[in-house]
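Order of the sequence lines sets the chain letters (A, B, ...), proteins ahead of strands, with each chain counted from 1. Treat the numbers as computed from the prediction; the structure is a model and nothing was measured.
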Amino acid sequence: MQDFVANLRWRGMVCSATPGIEAQLEKERTTGYVGFDPTAPSLHIGNLAAIMLLKHFQLAGHKPVVILGGATGMVGDPSWKTAERRLLCEEELHYNQTCISKQLQQFLDFSDRKHGAVLLNNMDWFRDMGFLKFLREAGKHISVNYMMAKDSVKRRLETGLSFTEFAYQLLQGYDFYYLYTHHNVKLQMGGADQWGNLTTGTEIIRRKTGNAAFALTTPLITKADGSKFGKTEQGNVWLDPVMTSPYAFYQFWLNCSDEEACKLVMVFTLLDQATIGTLIQTHNAAPHQRTLQKAIAKELTIRVHSEQAYRQAAQAAEILFGNATQGDILTLDEQDLLTIFANVPKITISQEQWRDLTDITDLVSSVTQGIIFKSKGEARRIIQGGGLSINKIRITDPHQKPDFFLLQEKYLLIQQGKKQYYLVVVQ
RNA sequence: GGGGAGGUGCCAGAGUGGUUAAAUGGGGCGGACUGUAAAUCCGCUGCUUCGCGGCUACGCAGGUUCGAAUCCUGUCCUCCCCA
């Protein structure tokens, strides 16, 4: 049994833990769990740290349990949230659960080995419980004073908190108790924001059985500027390739700052301490190479998506941001071209429109329906400022005749600024 | 119900009859530098025009005037104070 806690510690993945946890893990193969409320049809990278906890737990020889909180998801966790949340209906939750459980297979071994992971839904024991039974089984053992004293709830007492959300920690606490008694689960893990909920669970177990159960939290990952980790301007970074493309996913990791990358490489990759040490050294010697970011992006893109998705994302990045020249894009066949520019807006124009063009400005404004530039004036300004390239060649004259050759005889690669690409398809 | 303040461009905010497409700051966008970063510097930031110009725009609707964001009338909305 490898030392799970020590492994987490050097990775900086332990925020707090109840006493005695090391002794318990050393004593026997232990079953531990993490709960996810299926509030969306996909996990996002904010959930990933908790998944990594389970991953390390399993790799250390212990048995992970995942709770997809069909019941808790119906209530809504108020921890650290500023406002009451929207209630989700059961069908929505069920659909989300199905999607999420598939994603979990990519991380954990759900085989029937001794330490194979198990997936449970707390709806199974809450559905038929009844309110009175719950009050007697769970509510009787925990005082309101205890529940209100949690930091995670305190701030909401000022602005308002429904009884429903207030009761959330009891649900989660009871989950732990149920798992303890029915599945021999002795440890619950989660993000640092979950500490209040986890200790409610250990408290219920202690009061009802007199035995100790354990809790461990991992620090919430914060960005240097204080904004929330895992969000881009476009919103959450999801694991689902439809909601966040593998390319965008790869880019997210690649664009992490150096300080973040040092932390992220320990939390999100499975590389060992020595390898990470070397990586950080290499990185610091030549930070512009972004060794760390690339290592993280590679490992995660492969694990969450696939080897192929990683290669495509890396190639796309090279073409889009490297010093690709016209020669480089000419070497791409149509398949490559479409893959690399899969996430780029495509604008179709007709053969007639293409033939009748007299002016580059018209092409990037009116003919393309204002998608690239919403007015001719804007197009002209950007071109005069040197901000437009076609097929990787910078355009300098707004009135240039658009006598470009078409890539693969039908595509035109239009680039605004450094990052914004459009693909015009002539059909 | 009474009294007061105010509604200006993506946002904040100046302007109180012509020189105002509207100061200034922020944001956004382009360029340079760079690591697809940060900081910095430069440029652009209503539509149209190669430009002159034309058009649209200061809550909304009218009016006064050669000329209105600016004055008048009505109207809608917001904020503050009192009841």
Side-chain angles (χ1 to χ4, degrees), chain A residues 45 221-234 237 244-265 279-298 300-301 310-325 328-329 339-345 357-390 392-402 413-422:
Chain A
I45 58 177
I221 294 160
T222 49
K223 296 215 288 192
D225 64 2
S227 60
K228 203 174 172 189
F229 171 76
K231 296 246 182 179
T232 64
E233 298 81 39
Q234 287 85 43
V237 178
T244 299
S245 71
Y247 169 74
F249 183 86
Y250 177 84
Q251 283 290 313
F252 173 81
W253 299 104
L254 198 65
N255 281 321
C256 290
S257 70
D258 295 350
E259 306 87 88
E260 283 176 276
C262 286
K263 285 189 274 177
L264 299 180
V265 73
L279 269 180
I280 291 178
Q281 263 185 356
T282 314
H283 182 88
N284 288 339
H288 62 280
Q289 298 290 334
R290 287 186 290 174
T291 317
L292 277 174
Q293 285 91 336
K294 283 179 184 166
I296 300 167
K298 178 180 178 181
L300 282 163
T301 308
Y310 157 69
R311 274 202 308 273
Q312 286 171 347
Q315 190 190 15
E318 201 50 45
I319 298 276
L320 264 47
F321 299 109
N323 297 316
T325 60
D328 291 321
I329 54 169
T339 307
I340 288 170
F341 296 103
N343 303 296
V344 158
L357 271 176
T358 54
D359 192 320
I360 189 84
T361 311
D362 292 336
L363 172 67
V364 292
S365 55
S366 53
V367 174
T368 45
Q369 303 132 46
I371 295 170
I372 302 176
F373 297 115
K374 63 179 186 294
S375 70
K376 288 190 182 193
E378 187 183 353
R380 203 173 299 121
R381 276 195 303 273
I382 298 287
I383 292 172
Q384 280 163 348
L388 188 86
S389 298
I390 292 190
K392 282 284 176 188
I393 305 286
R394 181 172 288 183
I395 305 299
T396 48
D397 174 13
H399 302 292
Q400 182 176 338
K401 273 190 61 95
L413 180 63
I414 298 186
Q415 179 181 9
Q416 182 213 334
K418 287 198 178 81
K419 300 186 189 179
Q420 190 61 43
Y421 285 87
Y422 301 89

Map A/Glu318 and A/Ile382 onto RNA chain B by nearest heavy atom, then report which one ends up closer to the 5' terminus.
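Final value for this comparison: A/Ile382.
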Both A/His288 and A/Gln420 contact RNA chain B. Which one's nearest nucleotide lies toward the 5' end?
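Residue closer to the 5' terminus by nearest nucleotide: A/Gln420.
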Atom-to-atom span, [atom1] of [X] to [atom2] of [N] - whole angstrom:
| X | N | atom1 | atom2 | result |
| --- | --- | --- | --- | --- |
| A/Ile372 | B/G30 | CD1 | P | 13 Å |
| A/Gln416 | B/C29 | CD | P | 9 Å |
| A/Glu260 | B/A38 | CD | C1' | 13 Å |
| A/Leu254 | B/U36 | CG | C1' | 7 Å |
| A/Gln415 | B/G31 | CD | P | 8 Å |
| A/Tyr250 | B/U36 | OH | C1' | 11 Å |
| A/Leu292 | B/U36 | CG | P | 16 Å |
| A/Tyr421 | B/G30 | OH | P | 12 Å |

Take atom P in B/C77 and the same atom in B/G67, then report the distance between them in whole Å.
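So the two P atoms sit 32 Å from each other.
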Could you tell me whether a side-chain N or O of A/Arg394 sits under 3.5 Å from a main-chain N or O of A/Gly386, the two making a donor and an acceptor?
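It does hold such a pair.
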Any donor and acceptor pair, going by atom type alone, linking the side chain of A/Tyr421 with main-chain N or O of A/Leu320 inside 3.5 Å?
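Yes, because the side chain of A/Tyr421 sits within donor-acceptor range (under 3.5 Å) of the backbone of A/Leu320.
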B/G30 OP1/OP2 closer than 4.0 Å to side-chain N/O of A/Arg394
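No, A/Arg394 has no side-chain N/O under 4.0 Å of OP1/OP2 on B/G30.
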Under a plain distance cut-off of 3.5 Å, with no hydrogens placed, do A/Glu260 and A/Ser257 share a side-chain donor-acceptor pair?
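Yes - a donor-acceptor pair under 3.5 Å links their side chains.
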Base-paired stems in RNA chain B, each at least three Watson-Crick or G-U pairs under 3.5 Å:
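Stems (3+ consecutive pairs) listed as B:1-7 with B:76-82, B:10-12 with B:24-26, B:27-32 with B:40-45, B:46-48 with B:53-55, B:59-63 with B:71-75.
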Using the 3.5 Å cut-off, write out each protein N or O paired with an N or O of nucleotides 44-50 of chain B and the distance between them.
residue: B/C44; atom: O2'; partner: A/Arg381; partner atom: NE; Å: 2.9
residue: B/C47; atom: OP1; partner: A/Ser375; partner atom: OG; Å: 3.1
residue: B/U48; atom: OP1; partner: A/Lys376; partner atom: N; Å: 2.8
residue: B/U48; atom: OP2; partner: A/Ser375; partner atom: OG; Å: 3.2
residue: B/U48; atom: OP2; partner: A/Lys376; partner atom: N; Å: 3.4
residue: B/U48; atom: OP2; partner: A/Gly377; partner atom: N; Å: 2.8
residue: B/U49; atom: OP1; partner: A/Lys376; partner atom: NZ; Å: 3.3
residue: B/U49; atom: OP2; partner: A/Arg380; partner atom: NH2; Å: 3.1

A/Leu300, A/Leu292, A/Ile221 screened by side-chain contact (heavy atoms from CB on, under 4.5 Å) with A/Leu264, the one that passes
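It is A/Ile221, the one option of A/Leu300, A/Leu292, A/Ile221 that forms the side-chain contact (heavy atoms from CB on, under 4.5 Å) with A/Leu264.
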Remember a base hit wins even if backbone is also touched, and classify A/Lys419 as base, sugar-phosphate or nothing at under 4.0 Å, heavy atoms.
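Contact class for A/Lys419: sugar-phosphate only.
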